[in-house]
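Values reported hereafter were calculated over all heavy atoms of this structure, with side chains retained and with hydrogens, waters and symmetry mates removed. Note that the structure is a prediction, hence the values are computed from the model and not measured.
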Amino acid sequence: MRTIAIMMVLALAGCTTATPDVEPIPGSITYGGQPRTKLTKSPIGSTLSNEFVMGDGRLAIETYRVQPDRSLKLERRKIVGDWPPE
């Protein structure tokens, strides 16, 4: 029983609840601040995506979440290799 308790403590110690914030880059919807228009018809908590080609030719795919104040929070970004693919 003691071994199980120690294993549980070690497993929980490896978990983290804080995730680092993803910072906007040129091309992001929130780069330079929040957009001027609010998403009044989008349900709070819903997500939307934004795709753009970065200056170095790679494709960035971002996911945003609508916050209770109708602002957007950048949740994650995936960078795809050279775009368009050869």
Residue pairs passing the salt bridge (Lys or Arg N to Asp or Glu O under 4.0 Å) test with at least one member in residues 60-69, sequence neighbours excluded, are E62-R77, R65-E75

If a pair satisfies salt bridge (Lys or Arg N to Asp or Glu O under 4.0 Å) and one of its residues is in residues 42-57, list it, with sequence neighbours excluded.
-> D56-R58

What residue pairs, at least two apart or across chains, pass salt bridge (Lys or Arg N to Asp or Glu O under 4.0 Å) with a residue in residues 23-35?
-> none

S46 meets the side chain to side chain contact (heavy atoms under 4.5 Å, CB included) criterion, sequence neighbours left out, with S42, P43, V66

Same apolar cluster (I L V M F W Y, side chains within < 4.5 Å links), I25/V53 | no

Verify the neighbour count for atom NZ of K38: are there more than 12 heavy atoms of other residues, nucleotides or ligands below 6.0 Å?
-> yes

Name the one of T47, D21, T30, V22 that satisfies side chain to side chain contact (heavy atoms under 4.5 Å, CB included) with K73?
-> D21

Sequence neighbours excluded, the answer for side chain to side chain contact (heavy atoms under 4.5 Å, CB included) partners of I29 is P35, L48, N50, Y64, L72

Residues passing the side chain to side chain contact (heavy atoms under 4.5 Å, CB included) test with R76, sequence neighbours excluded, are T63

Do P26 and F52 have side-chain heavy atoms sitting under 4.5 Å apart?
-> no

Close side-chain approach of R70 and I44, heavy atoms under 4.5 Å | yes

